[in-house]
Structure formats: structure tokens, C-alpha cells
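Scroll down for the structure; my scribbles are underneath it.
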Amino acid sequence: MLVTWGAIAAGTAFAETANQLYVLRFLLGVAEAGFFPGIIVYLTYWFRSKELATTVALFTAAIPVSYIIGAPLSTWIMDNINWMGWSGWRWMLFLEGIPAVLLGVACYFYLTDKPEQAKWLTDEERSWLINELENDRKSRKNVKHLGTLKTMANPKVLYLSFIYFVYQCGSLGVGYWMPQIIKSFSESLTHTQIGLIAMVPYIVATIVMIAWSRSSDRHNERKLHSAIPLAVATAAMVGAGLVSSPVLAIAMISLTLAGLYSFKSPFWALPTLFLSRSTAAVSIAVINSIGNLGGFVGPSMLGVVKGNTNSATTGLLFLSVLLAIAFLMTLLMRVNNADEGAEAALAAEESH
């Protein structure tokens with residue numbers, strides 16, 4: 001996946017027409033479709049349920065970190081590299097696709113499927129880990145094993161899929177449009193300056209996301225830890241749309257992204273509460289696939305709203321409504337009795 005993904009990403013630099021770009025972007029989506037759910041399931045082969053939120057957070061942290069590094073790097077390439085008569089944006093796409101190809105090759109040779117195959121573990125470490133993972137599997141009494149079609153039609157899976165779809169509509173809209181939001185602060189900002197300013201919200205988001213995931217693991221609670229960040233993101237996005245100060249706007253956007261990224265880790269731990277590992281693999285793929293349609297719908301709808309109103313404020317308020325819907329759906333969902341018990345325990349502890 002990584003090799004194909006990187007090759008297509010780099011190949012996008014050669015697009016000459018809008019239709020060619022559309023086709024390449026579609027193929028890029030096909031190439032990467034199984035990567036995220038595959039990695040989430042892969043992590044369950046190495047980490048116990050009680051550590052899963054933090055584990056997923058550390059993996060997912062690569063997304064905001066990629067923005068921290070990529071935003072200033074991408075804008076610098078666009079502003080400064082025009083080799084061989086190519087535009088800066090073409091060099092950006094080409095150069096940033098190559099690392100995925102190289103790391104794909106590295107993964108083939110160095111990534112170990114399961115602890116049983118890890119030669120870099122001692123016999124004692126390997127036995128301990130295998131035993132812990134087996135005990136963890138046996139301790140989850142409420143999980144179900146379903147066939148592929150039944151998993152795809154499972155009401156809980158479809159419910160989570162819709163939550164993630166609405167979430168993606170809101171969250172990706174912010175990511176895609178944030179450079180333009182920052183640009184609206186001052187017409188004199190260069191691409192490089194916009195990239196540097198855009199680093200700040202992602203640094204905040206990375207720190208908060210990891211801390212929040214540790215809280216989710218520590219309390220062994222997922223639902224409230226998924227819902228609360230969405231409420232914070234909703235309120236902060238409304239604030240970002242209403243304030244006039246660029247400093248306050250960046251602070252609100254930082255809080256918004258912190259909420260959006262903090263949602264992910266406890267959310268992706270939810271399917272393992274009621275499904276077996278192999279069934280959860282299918283459910284995660286379904287949730288991710290349906291949810292990622294929001295990556296097209298959200299930014300497109302935001303573009304229409306922003307174009308018709310010529311205001312970033314209206315666009316942000318529109319996204320906040322989507323996140324509010326996702327928050328309410330998350331708050332109202334029922335996973336299983338164990339989860340509800342943990343939720344009550346967390347609420348009792350917080351009341352003290």
C-alpha cells in the first residue's frame with residue numbers, strides 16, 4: 001500500500017488537466033484505503049485493550065506531526081523550488097510522495113507481523129507478551145464474532161460509521177481550509193508564513209491528544225472520552241468563527257483541532273468492546289470507508305457555503321453544526337454493559 005500510495009502521490013505532479021488530477025486523486029484514495037484500518041488491527045496484535053487508546057494516539061499523532069513538519073516544508077517548496085521549469089506545487093507533490101515509497105520497502109523487510117515472530121524480543125519477553133495478549137482476549141466476555149456481511153450490516157457498526165462520517169465532514173473541512181482562514185488574517189502573508197502559523201494548532205493538538213488518550217486508558221472508558229472532545233471542538237469552532245483577533249482565532253483553531261484529534265483514539269477502541277479482533281478488523285474498515293466519504297462531502301459543502309457567503313465565519317459555523325451532531329450521536333450511543341459501567345465510574349470519580 002505504501003509503495004503504491006507514494007508512487008501515485010508523486011505521479012500527481014505530472015497531471016496536466018483537472019480530469020487527470022481527479023483520476024489520480026481517486027486512485028490515491030484506493031491505494032491508501034486499507035492502510036489505516038489495517039494498522040489499527042495490527043496494533044491489537046501487540047497491545048492489550050487497556051493500552052489501546054494511547055497506542056492508537058501515538059500512531060495517530062503522525063497525522064498532526066506530518067502537518068507540523070509538512071505545512072512549512074510544503075509552503076517552502078512551493079515558494080522556493082522551481083527546478084527544470086516545474087512549478088513549486090508540482091515539486092511539492094513529487095518530493096513528498098517519495099518517502100512513502102522508501103518506507104514501504106523498509107516495512108516489507110523490517111515489520112514483524114506478530115510477537116511470535118519477533119526475533120528482537122527475548123524468549124522471556126515474547127512469552128510474557130503472548131500470554132498477556134491471550135489473557136486480554138479471554139477477558140473480553142461480551143465480544144461477538146460475525147461474518148463479513150453481518151459485520152457490515154451490524155447496527156452498531158453502521159451507527160459508528162455515520163458518527164465518523166459526520167466527524168470527517170467537520171474535521172477535514174478545517175484542515176483543508178485552514179490555510180485560507182489564516183490567509184484571511186492578512187493579505188501580505190506569504191505561503192511560508194502561512195505554513196509556519198499553521199504549525200501551532202497541530203503542536204497543541206498532538207500534546208492534548210496523547211494526554212487525553214492516556215486518560216481514556218487509565219479510566220478504561222471510551223464513550224465519554226470520545227464525546228467530550230467533540231463538544232470542545234464544536235464550541236471552539238464557533239469561537240473561531242466569531243472572534244476578530246488573529247491571535248484569538250489561532251487559539252480557537254488550536255482548541256478545535258485538539259478536540260478533533262483527541263476524539264480519534266478512544267473512538268477507534270470502541271469496536272473492540274463488542275466485536276472479536278477479526279470481526280473488529282472488518283468493522284474498522286467499514287467505519288473508515290464510510291467515514292472517509294465525509295472527507296469529500298465536508299470540504300465540498302464548506303466550499304459552497306464559503307463561496308456563497310464569501311465569509312470564513314459562516315463556513316466555520318456550518319462545520320460546528322456537523323460536529324455538534326457527531327457529539328450528540330456519540331453521547332447517545334450504547335456499546336455494551338461493561339462500557340456503561342466504566343462510564344458511570346468515571347462520572348462518579350469526576351463528581352468527587
Side-chain angles (χ1 to χ4, degrees), residues 1-6 9 28-66 99-121 125-140 143-148 151-152 154 157 160-161 164 168 206 209-210 213-214 216-217 220 222 226 261 263-292:
M1 289 180 187
L2 281 171
V3 172
T4 309
W5 181 359
L28 184 67
V30 172
E32 69 170 296
F35 180 77
F36 186 81
I39 289 293
I40 298 299
V41 174
Y42 176 78
L43 293 175
T44 67
Y45 283 81
W46 288 88
F47 296 93
R48 298 169 293 188
S49 297
K50 65 181 182 180
E51 299 150 346
L52 196 55
T54 301
T55 304
V56 172
L58 292 172
F59 166 68
T60 310
I63 300 174
V65 169
S66 72
V101 177
L102 299 177
L103 290 172
V105 175
C107 282
Y108 178 79
F109 287 103
Y110 292 106
L111 202 63
T112 305
D113 284 339
K114 299 178 181 180
E116 293 89 331
Q117 303 167 345
K119 297 180 180 178
W120 40 270
L121 291 174
E125 290 170 338
R126 190 182 303 108
S127 298
W128 178 87
L129 182 54
I130 293 171
N131 184 59
E132 286 291 310
L133 292 170
E134 181 61 21
N135 290 338
D136 180 66
R137 184 187 65 80
K138 291 178 179 179
S139 68
R140 293 185 291 124
V143 300
K144 296 180 180 179
H145 180 78
L146 303 174
T148 301
T151 302
M152 295 174 69
N154 184 282
V157 172
L160 290 173
S161 299
Y164 198 59
Q168 288 285 73
T206 303
M209 176 180 66
I210 294 174
S213 67
R214 289 185 181 277
S216 179
D217 281 342
N220 193 29
R222 306 305 184 197
S226 298
Y261 279 102
F263 161 82
K264 284 176 174 274
S265 301
F267 175 81
W268 285 118
L270 286 171
T272 63
L273 294 178
F274 61 93
L275 296 172
S276 67
R277 185 165 60 189
S278 58
T279 306
V282 179
S283 74
I284 290 170
V286 172
I287 295 166
N288 191 62
S289 298
I290 295 175
N292 278 344

> At what distance, to the nearest 0.5 angstrom, does CG of Asn288 lie from CG of Leu160?
Replying inline: 12.5 Å

> With no hydrogens and no angle check, is any side-chain donor or acceptor of Asp136 less than 3.5 Å from a backbone partner on Glu132?
Replying inline: no

> Which heavy-atom pair separates Ile210 from Ala61 by the least distance, and what is that distance?
Replying inline: CD1-CB, 4.4 Å

> Rounded to the nearest 0.5 Å, what separation is found between the CG atom of Leu121 and the OG1 atom of Thr112?
Replying inline: 8.0 Å

> Does the side chain of Leu133 reach to within under 4.5 Å of the side chain of Pro115, using non-hydrogen atoms?
Replying inline: yes

>> Could you check whether any side-chain heavy atom of Tyr42 comes within less than 4.5 Å of a side-chain heavy atom of Leu111, counting everything from C-beta outward?
In response: yes

> How about Asp113 and Tyr45: do any of their side-chain heavy atoms sit closer than 4.5 Å?
Replying inline: no

>> If I take atom OG from residue Ser265 and atom CG from residue Asp217, how far apart are they, to the nearest 0.5 angstrom?
In response: 8.5 Å

> What's the shortest heavy-atom distance between Ser216 and Arg222, and which atoms?
Replying inline: OG-NH1, 2.8 Å

>> Does Arg214, at its CZ atom, have more than 12 non-hydrogen atoms belonging to other residues, nucleotides or ligands within less than 6.0 Å?
In response: no

I'd like a table of donor-acceptor pairs (distance under 3.5 Å, sequence neighbours excluded) in which one partner is a side-chain atom from residues 28-41, with atom names and distances.
none

> Taking all non-hydrogen atoms of both residues, which atom of Leu2 and which atom of Gly104 are closest, and how far apart?
Replying inline: CB-CA, 3.6 Å

>> I want to check something: taking the side chain as every heavy atom from C-beta on, are Thr55 and Trp46 in contact at a cut-off of under 4.5 Å?
In response: no

> When you measure from the side chain of Arg126 to the backbone N and O of Ala118, does any donor-acceptor pair fall under 3.5 Å?
Replying inline: yes

> Side-chain contact, heavy-atom cut-off 4.5 Å: Val286 with Ser161?
Replying inline: yes

>> Using the rule given for side chain to side chain contact (heavy atoms under 4.5 Å, CB included), can you reason through Tyr108 versus Val3, listing the C-alpha separation, both sets of side-chain angles and the distance that settles it, and then say yes or no?
In response: CA-CA 10 Å; Tyr108 178 79; Val3 172; over 6 Å; no

>> So which atom in Ala57 and which in Met209 form the shortest heavy-atom distance, rounded to 0.1 Å?
In response: O-CE, 3.4 Å

>> A side-chain contact here means heavy atoms from C-beta on lying under 4.5 Å apart; do Tyr261 and Thr206 qualify?
In response: no

> Any side-chain heavy-atom pair from Val56 and Phe47 closer than 4.5 angstrom?
Replying inline: no

> Is there a side chain to side chain contact (heavy atoms under 4.5 Å, CB included) between Ile290 and Tyr164 once you walk through the steps?
Replying inline: CA-CA 8 Å; Ile290 295 175; Tyr164 198 59; over 6 Å; no

> Nearest 0.5 Å, what's the NZ-CG distance between Lys114 and Leu129?
Replying inline: 12.5 Å

> Do Thr60 and Trp268 come within less than 4.5 Å of each other through their side chains, counting heavy atoms only?
Replying inline: no

> Would Asn154 and Ser283 count as a side chain to side chain contact (heavy atoms under 4.5 Å, CB included) if you check the C-alpha gap in whole Å, the side-chain angles of each, and the deciding distance to 0.1 Å?
Replying inline: CA-CA 9 Å; Asn154 184 282; Ser283 74; over 6 Å; no

